[in-house]
2 protein chains.
Amino acid sequence: MPLEKSRASSSTKKRVRDAEATKLRILEAAKKEFARNGLEGARVDTIALDAKANKRMLYHYFKSKDGLFRTVLEREYLNIREEETRLDLENLPPRTALETLVRFTWEYYIANPEFITLVNSENLCQAAHIRNSPTLKTISQKFVRRIQSLLDRGVRENVFRDGIDATQLNITIASINYYYFTNRFTGSVIFERNFTAPEALEERISFNIETICRLVCKN
Amino acid sequence: MPLEKSRASSSTKKRVRDAEATKLRILEAAKKEFARNGLEGARVDTIALDAKANKRMLYHYFKSKDGLFRTVLEREYLNIREEETRLDLENLPPRTALETLVRFTWEYYIANPEFITLVNSENLCQAAHIRNSPTLKTISQKFVRRIQSLLDRGVRENVFRDGIDATQLNITIASINYYYFTNRFTGSVIFERNFTAPEALEERISFNIETICRLVCKN
DNA sequence: CGCGTAACGCACCGTATAGTTACTTACACA
DNA sequence: TGTGTAAGTAACTATACGGTGCGTTACGCG
């Protein structure tokens, strides 16, 4: 694993062999393919081709199609939580912090459309891949506690209503943002509007922020 | 199509041939299989077997796997809208009507878990099956107008805030209910609670009703 | 410099899958 | 009661799929 670190980024001569880079190319290609076609719809041949890797390598590094999916999904969860962690919620006024959180979630889904589809696939198979991932549980706990302390601070400062459950709030914030994107295709047909038009996006994020503020804030 | 109406339900002698009944068995089996495994994951052989029909019949009636999926999905959309129509929103006080609507959506998803998964599949393929279904557009328009007039009435009676968009409200109501169910598996892992336990369900529907009332109602 | 190991590639396998061909059988209507 | 037509069946096909056996090549280390 720690091999060839020295040449990896310093040499000008093109690397013919680079395990780490190959793994990453496979993971990126897999993310795209799984997100586009779902777990069952994704084709390992397509992933290998798109990654400019051999299918044999895919099985060498990730054991199976499901192993590959698990790795992709775990990385995506780690990524969103990591970016969330970087939000400076603690040093903002409670209401601003809340709005920041809602807007972050929204913008994350826009910037990472694959995330939603991957999570949908995982739920279709009843979370079989992440069920036993203690890592995920740990980082999620941390996140809920963080929101709880934001809620507490807001109550102390007399701007938030008392008694709001942090988990329920988290779920609600995710809901109103996630649903809009995951169902944008049927939504566009049913409501006869382009869900991804800039004005539509603007209108929706405003509505979502209002929904959450009215739920949490006093008056 | 109108053949054998007379014998279909009156004769005591068991029917060996019954096109309508076979179609229905296929549709029911398909709903189950598509909901459980997604569009790509579903197997036509499994559907035929479960429907106690021959695979050839499936292709005879529905042309293709996609044709079958389209039919299943359209029926599901018609069904939820039809049940919604039966809600007596017009004769209830605005706030009660709103709560009734939220609770209906929630309970519909509980009673019809397939609906959510089917819609997810349709969005994975970018609404390819329903894109050109005028029927769906028509019934959805009708529904939005109904909610708009509920909002208008609430404003007139001075219990609802002014200026709320009926479509945004519809999306939000669907969101907070839909998301909870579609992501119940990853949710149960991440938040370490059983999303489908009776107490959890009770807590969530209360929270959802509060979310919507705070969004729409004055004070 | 040579050698062992890890990266990589080709060609293949068994199976499962959507869809079809060619046929038989029940029954509504004349 | 005879018959045309639609309901129903079984066996089949071509292919695409996830996965593997086995050989080759690069390269870090001693």
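Just so we're on the same page: letters track the sequence lines, and every chain starts at 1.
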Worksheet item: For the side chain of B:Arg56 and the base of C:dT20, is some donor closer than 3.5 Å to an acceptor across the two?
Response: no
Worksheet item: Any chance NZ of B:Lys32 has more than 12 other-residue heavy atoms, nucleotides or ligands included, within less than 6.0 Å?
Response: no
Could you list the donor-acceptor pairs under 3.5 angstrom formed between side-chain atoms of residues 180-192 of chain A and any protein atom two or more places apart in sequence or on another chain?
{"from": "A:Tyr180", "atom 1": "OH", "to": "A:Phe195", "atom 2": "O", "distance (Å)": "2.6"}
{"from": "A:Thr182", "atom 1": "OG1", "to": "A:Asn120", "atom 2": "ND2", "distance (Å)": "2.7"}
{"from": "A:Asn183", "atom 1": "OD1", "to": "B:Asn123", "atom 2": "ND2", "distance (Å)": "3.0"}
{"from": "A:Arg184", "atom 1": "NH1", "to": "A:Phe181", "atom 2": "O", "distance (Å)": "2.7"}
{"from": "A:Thr186", "atom 1": "OG1", "to": "A:Asn183", "atom 2": "O", "distance (Å)": "3.4"}
{"from": "A:Thr186", "atom 1": "OG1", "to": "B:Asn123", "atom 2": "OD1", "distance (Å)": "3.3"}
{"from": "A:Thr186", "atom 1": "OG1", "to": "B:Asn123", "atom 2": "ND2", "distance (Å)": "3.0"}
{"from": "A:Ser188", "atom 1": "OG", "to": "A:Arg184", "atom 2": "O", "distance (Å)": "2.8"}
{"from": "A:Ser188", "atom 1": "OG", "to": "A:Arg193", "atom 2": "O", "distance (Å)": "3.2"}
{"from": "A:Ser188", "atom 1": "OG", "to": "A:Phe195", "atom 2": "N", "distance (Å)": "3.2"}
{"from": "A:Glu192", "atom 1": "OE1", "to": "B:Gln141", "atom 2": "NE2", "distance (Å)": "2.5"}

Item to complete: Find the distance A:Lys23:NZ to C:dC8:P and express it as a whole number of Å.
Response: 11 Å
Discussion item. Side chains of A:Leu169 and A:Leu151, heavy atoms from C-beta outward: is any pair under 4.5 Å?
Written reply: yes
Worksheet item: Taking all atoms of both residues into account, what is the closest heavy-atom pair of B:Leu118 and B:Glu76, and its distance?
Response: CD1-CG, 3.6 Å
Worksheet item: Does the side chain of B:Tyr61 get closer than 4.0 angstrom to OP1 or OP2 of D:dA6 through an N or O atom?
Response: no
Discussion item. Please enumerate all residues that pass salt bridge (charged side-chain N to carboxylate O under 4.0 Å, His left out) together with B:Arg214, with sequence neighbours excluded.
Written reply: B:Glu210
Fill in: Minimum heavy-atom distance between A:Ile139 and A:Tyr77, given as atom pair plus value
CD1-O, 4.3 Å
Worksheet entry | Spacing between B:Lys63 atom NZ and C:dT20 atom P, to the nearest angstrom | 11 Å
Fill in: Whole-Å gap separating P (D:dG8) and CD1 (B:Ile26)
8 Å
Fill in: Whether over 12 other heavy atoms sit under 6.0 Å from A:Arg103 CZ
no
Discussion item. From CG of A:Asp18 over to P of C:dC8, roughly how many Å is that when rounded to an integer?
Written reply: 7 Å
Worksheet item: OH of A:Tyr59 versus C1' of C:dC12: gap in Å, rounded?
Response: 14 Å
Discussion item. Tell me the interatomic distance from A:Met57, atom CE, to D:dG23, atom P, rounded to whole angstroms.
Written reply: 16 Å
Worksheet entry | Atom-to-atom span, CD of A:Glu20 to C1' of D:dA26 - whole angstrom | 17 Å
Worksheet item: In residues 31-55 of chain B, what residues come within less than 4.0 Å of DNA chain D, judged by heavy atoms?
Response: B:Asn54
Item to complete: Measure from CG on A:Leu58 to C1' on D:dC17 and round the result to the nearest Å.
Response: 14 Å
Worksheet item: A:Ser64 side chain: which of C:dG19, D:dA7, D:dG19 is closest?
Response: D:dG19
Item to complete: Would you please confirm or rule out a distance under 4.0 Å between OP1 or OP2 of C:dC8 and any side-chain N or O of A:Thr22?
Response: yes
